[in-house]
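First the structure, in the form of structure tokens, and then the observations on it.
Note: hydrogens, waters and symmetry copies are ignored here, and every other heavy atom, side chains too, is used.
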Amino acid sequence: MLIGGLGVFIRLGSVTRPTADADTVARSQADLIARLVNDEIATVVSGGEIEVPIGNETVEIDVMDLADEPLPADSGCRAFALARRGALASAFSERIIATDRGNSVVADVVIPVATVPALVALKTVAMVRRSQSRHPEKVGSDIHDLVRLVTSTGARAVATDLVALDNELSVWVAGQIERAFGKDLRYTLLRFRANDRSAGAQALSEDEVAGTAILADELHEQLARNPR
């Protein structure tokens with residue numbers, strides 16, 4: 001199943017930045033990597049990262065699995081596991097056609113892609129995890145994707161589907177949205193633009209940020225209506 005930036009681009013129908021990798025989730029990381037390597041499609045780089053030659057280029061693919069049983073005790077790791085599980089369970093397939101610069105088709109496949117609510121949860125996880133990683137500068141692109149996903153569908157619709165997916169994950173996402181977006185949206189917008197210098201981030205409006213910030217309130221409302 002496709003997640004990450006490519007998943008976002010497919011669900012939104014537009015590309016906002018270049019990317020040279022793909023993020024995926026499989027029921028078994030080991031089985032998928034073994035199948036790709038045995039078919040001579042890919043070369044294992046390390047762990048769950050593999051390389052796939054496409055034309056004269058190489059695409060890096062990160063294969064994550066669902067081996068978190070029992071679920072981790074750490075809240076962030078647990079949310080990541082729940083987000084992966086929910087994304088795989090709710091994904092639906094799309095036909096994806098890739099062309100080269102001469103418009104020749106190099107790939108034409110039907111693959112499962114994470115839904116917008118699942119991608120919102122995964123991007124929220126990434127926003128938190130990335131700030132503590134070796135690449136904190138990528139938090140800006142995670143937030144930019146998060147804002148675009150929520151505003152494309154609407155906070156209420158995202159909240160409804162996310163709560164239906166997993167209550168515990170929804171509680172965690174609501175808390176992180178509140179922390180990241182805060183109450184002063186003007187300051188929040190300035191901070192987002194400072195962290196991400198891309199044209200897309202600089203073009204974010206206060207209304208778009210506000211439309212994402214209310215996701216926390218919508219989640220709390222849906223959780224109150226659907227306690228488990």
(request) Grab the two heavy atoms, one from Asp23 and one from Gly5, that are nearest each other, plus how far apart they are. (result) OD2-N, 4.4 Å
(message) When you measure from the centre of the six-membered ring of Phe181, is the NZ or CZ of Arg179 closer than 6.0 Å and no more than 45° off the axis?
(response) no
(message) To the nearest 0.5 Å, what is the distance between CH2 on Trp172 and CG on Leu82?
(response) 10.0 Å
(message) Between Glu168 and Arg78, does any NZ, NE, NH1 or NH2 come within less than 4.0 Å of an OD or OE carboxylate oxygen?
(response) yes
(request) Determine the minimum heavy-atom distance between Asp161 and Pro117, stating which atoms define it. (result) CB-CG, 3.5 Å
(message) On a heavy-atom basis, which atom in Arg148 and which in Ser14 lie closest, and how many Å separate them?
(response) NH2-OG, 2.6 Å
(message) Do Leu119 and Leu146 make a side-chain contact, defined as non-hydrogen atoms from C-beta onward lying under 4.5 Å apart?
(response) no
(request) Taking the side chain as every heavy atom from C-beta outward, state whether Ile96 and Leu2 have any atom pair closer than 4.5 Å. (result) yes
(message) Using side-chain heavy atoms (C-beta onward) and a distance below 4.5 Å, is Thr24 in contact with Ile3?
(response) no
(request) Treat each ILVMFWY residue as a node, draw an edge where side-chain heavy atoms are under 4.5 Å apart, and state whether Val116 and Phe92 are in one component. (result) no
(message) Please say yes or no: joined through hydrophobic side-chain contacts below 4.5 Å, possibly via intermediate residues, are Ile214 and Leu223 part of one cluster?
(response) no
(request) Write down the atom of Gly182, the atom of Thr188, and the distance for their closest heavy-atom approach. (result) N-OG1, 4.5 Å
(request) Could you state whether Leu190 and Leu204 fall into the same hydrophobic cluster, counting links through intermediate Ile, Leu, Val, Met, Phe, Trp or Tyr residues with side-chain heavy atoms under 4.5 angstrom apart? (result) no
(message) Under a 3.5 Å threshold, yes or no: a donor from one side chain and an acceptor from the other, between Glu178 and His220?
(response) yes
(request) Quick one: pull up OG in Ser141 and NZ in Lys123 and give me the separation to the nearest 0.5 Å. (result) 6.0 Å
(message) To the closest 0.5 Å, what do you measure between CD (Gln176) and OG1 (Thr124)?
(response) 8.0 Å
(message) I need the minimum non-hydrogen distance between Ala174 and Ala216, along with the two atoms involved.
(response) O-CB, 3.6 Å
(message) Would you compute the distance between atom CG of Asp145 and atom CG of Leu122 and round it to the nearest 0.5 angstrom?
(response) 11.5 Å
(request) Answer yes or no: is there an ion pair linking Arg11 with Glu94, defined by an N-O contact shorter than 4.0 Å? (result) yes
(request) Kindly give the heavy-atom pair with the smallest separation between Leu185 and Ala213, and that separation in Å. (result) CD2-CB, 3.9 Å
(request) Report yes or no: does Ser152 contribute a side-chain atom to a donor-acceptor pair with the main-chain N or O of Leu149 at less than 3.5 Å? (result) yes
(message) If we ignore hydrogens and angles and just use 3.5 Å, is the side chain of Glu208 paired with the main-chain N or O of Ser205 as donor and acceptor?
(response) yes
(message) Using 0.5 Å steps for rounding, measure from the CG atom of Leu215 to the CG atom of Leu162.
(response) 7.5 Å
(message) Within this structure, what is the CG-CZ distance for the pair Leu219 and Arg156, rounded to the nearest 0.5 Å?
(response) 12.0 Å
(request) Verify the cluster assignment for Met127 and Val171: are they in a single hydrophobic cluster under the rule of side-chain heavy atoms below 4.5 Å apart? (result) yes
